[in-house]
Asker: 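Following this message is one structure expressed as structure tokens.
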Amino acid sequence: MAALRYAGLDDTDSEDELPPGWEQRTTKDGWVYYANHAEEKTQWEHPKTGKRKRIAGDLPYGWEQETDENGQVFFVDHINKRTTYLDPRLAFTVDDNPTKPTSRQRYDGGTTAMEILQGRDFTGKVVVVTGANSGIASFPLLHLPSNQKRKPNLQYAQGFETAKSFALHGAHVILACRNMTRANEAVSQILGEWHKAKVEAMTLDLALLRSVQHFAQAFKAKNVFTDINDSSGKLDFSRLSPSKSDYWAMLAYNRSKLCNILFSNELHRRLSPRGVTSNAVHPGNMMYSSIHRNWWVYTLLFTLARPFTKSMQQGAATTVYCAAAPELEGLGGMYFNNCCRCMPSAEAQSEETARALWALSERLIQEGLGGQSG
């Protein structure tokens, strides 16, 4: 029963509960039918509701369909090490003639990344995740077109839960991390949940431009994606690198988030003609993370607030939504919080400021690389 409980098959409402003697089955092409053992008959309509149903989506992550020696199809749950002849997708059926959808937001602050990806297959897609061995933060997110020949989607994300969620749904995930020891531990943890996950670690220290350059060269050498140029109050550019006496961590953090949105918008403006979209995301307010390690006051605040914070799975949901939602295909230059589009400040929407920030970034990078030795 553990495998059925994991698939959600033991949690049905009274309306869909079958009468005694009836069994729910599926065809190979995904349609649901009902068998009556007492009368030895089958029918397409549910014996109580009269509705016709079909399976929604692919098998849940960790499941595989196999055939026994008698030619009968069965299902293997690699997570719980169980097998069953009952299709786990029966927990996720939809009506053949669905009713008019409601206007309610599909996902919200309580949604988890796994819920968003349920039934999705990302085999053949590549996801590059920064900070994949630790926390999560807001950042620009690239979404490349899915129709490029022999070039899978490349999505930039952050956080271990984001990496795990995509890896457990078939994507080729690259963990780009500064600490390779912790990165390899993260890889092992993901493989421990699903041994067929395609996940690897690569060295990347975002604080060192030379490390970024080396990572880009190493990634390009993998030849998983080659058709993209190298490339989130009033923003005072003179205050981006203040003196030590004028530095305040919280103000610097706020400025960095404004820059994230501006940079994401400019990135989208430059790359959208080539079919690449970029959105900025926020994981949600007061989500617990490792940021508290920087100051004892943060530690105290996070300790007090932790009972009311999001889980890491909930924090990764907005990232995963923007990277995977079919309704966002081809859409960019937006800001999302709690899986919902939000309007940032007027300064964050300034095209002039975004262009100026991009130009400043290019200049600083050129100066930085010119001043670094091999």
Side-chain angles (χ1 to χ4, degrees), residues 105 107-109 130-131 135-143 155-159 162 206-207 209 212 229-274 276-287 289 291 294-295 297-298 301 310 315-319 321-323 325 328 330-368:
Q105 181 182 332
Y107 303 118
D108 54 30
T130 61
I136 185 169
S138 57
F139 55 92
L141 181 74
L142 282 180
H143 193 161
Q155 292 141 340
Y156 284 92
Q158 182 172 0
T162 301
L206 292 173
L209 292 177
V212 176
N229 289 337
D230 294 337
S231 21
S232 199
K234 180 70 176 178
L235 183 63
D236 184 352
F237 290 105
S238 66
R239 304 286 292 177
L240 292 181
S241 298
S243 63
K244 186 175 181 180
S245 60
D246 293 331
Y247 182 83
W248 182 35
M250 187 57 69
L251 182 58
Y253 178 83
N254 291 341
R255 287 172 180 153
S256 73
K257 299 303 104 178
L258 174 58
C259 288
N260 280 345
I261 299 175
L262 289 167
F263 199 89
S264 175
N265 291 345
E266 181 63 11
L267 186 64
H268 175 72
R269 188 187 69 82
R270 289 170 176 261
L271 296 185
S272 57
R274 303 184 64 176
V276 181
T277 59
S278 174
N279 288 300
V281 305
H282 188 291
N285 296 329
M286 292 304 295
M287 191 193 69
S289 74
I291 193 174
N294 296 317
W295 191 21
V297 174
Y298 290 155
L301 290 175
K310 285 186 174 185
T318 304
T319 298
Y321 172 71
C322 289
L328 296 183
L331 300 178
M334 298 180 288
Y335 173 70
F336 287 83
N337 184 12
N338 289 331
C339 300
C340 178
R341 184 188 179 187
C342 302
M343 296 304 294
S345 66
E347 184 64 19
Q349 302 176 58
S350 171
E351 294 185 7
E352 179 182 359
T353 306
R355 289 188 175 95
L357 177 63
W358 185 281
L360 175 62
S361 301
E362 285 186 328
R363 179 172 62 81
L364 293 176
I365 289 174
Q366 291 172 356
E367 293 175 357

Asker: First locate atom CG of Leu267, then atom CG of Asn279, and finally report the distance between them rounded to the nearest 0.5 Å.
Answerer: 10.5 Å
Asker: Got a sec, which residues hit side chain to side chain donor-acceptor pair (under 3.5 Å) with Glu352, two or more places apart in sequence or on another chain?
Answerer: none
Asker: Who passes salt bridge (charged side-chain N to carboxylate O under 4.0 Å, His left out) against Arg341, sequence neighbours left out?
Answerer: none
Asker: Which residues pass the side chain to side chain donor-acceptor pair (under 3.5 Å) test with Ser350, sequence neighbours left out?
Answerer: Thr353
Asker: Minimum heavy-atom separation for Ser278 and Ser264, please, with both atom names.
Answerer: OG-OG, 2.9 Å
Asker: Measure the spacing between CE of Met334 and CE of Met343 and express it to the nearest 0.5 Å.
Answerer: 10.5 Å
Asker: For Tyr107 versus Cys339, what's the shortest heavy-atom pair and its separation?
Answerer: CB-CB, 3.6 Å
Asker: With sequence neighbours left out, what residues match Ser361 under side-chain contact (heavy atoms from CB on, under 4.5 Å)?
Answerer: Phe263, Leu357
Asker: Can you list everything that forms a side-chain contact (heavy atoms from CB on, under 4.5 Å) with Ile365? Sequence neighbours excluded, please.
Answerer: Leu209, Leu369
Asker: Under the criterion side-chain contact (heavy atoms from CB on, under 4.5 Å), I'd like the reasoning laid out for Tyr321 against Leu328: C-alpha separation, chi angles, the key distance, then a yes or no.
Answerer: CA-CA 9 Å; Tyr321 172 71; Leu328 296 183; 3.6 Å; yes
Asker: Might you point out which heavy atoms bring Asn265 and Ala348 nearest each other, and give the distance in Å?
Answerer: ND2-O, 3.2 Å
Asker: State which residues pass side-chain contact (heavy atoms from CB on, under 4.5 Å) with Glu351; sequence neighbours excluded, sorted by chain then number.
Answerer: Arg355
Asker: How long is the gap from CD on Gln349 to CD on Glu347, to the nearest 0.5 Å?
Answerer: 10.0 Å
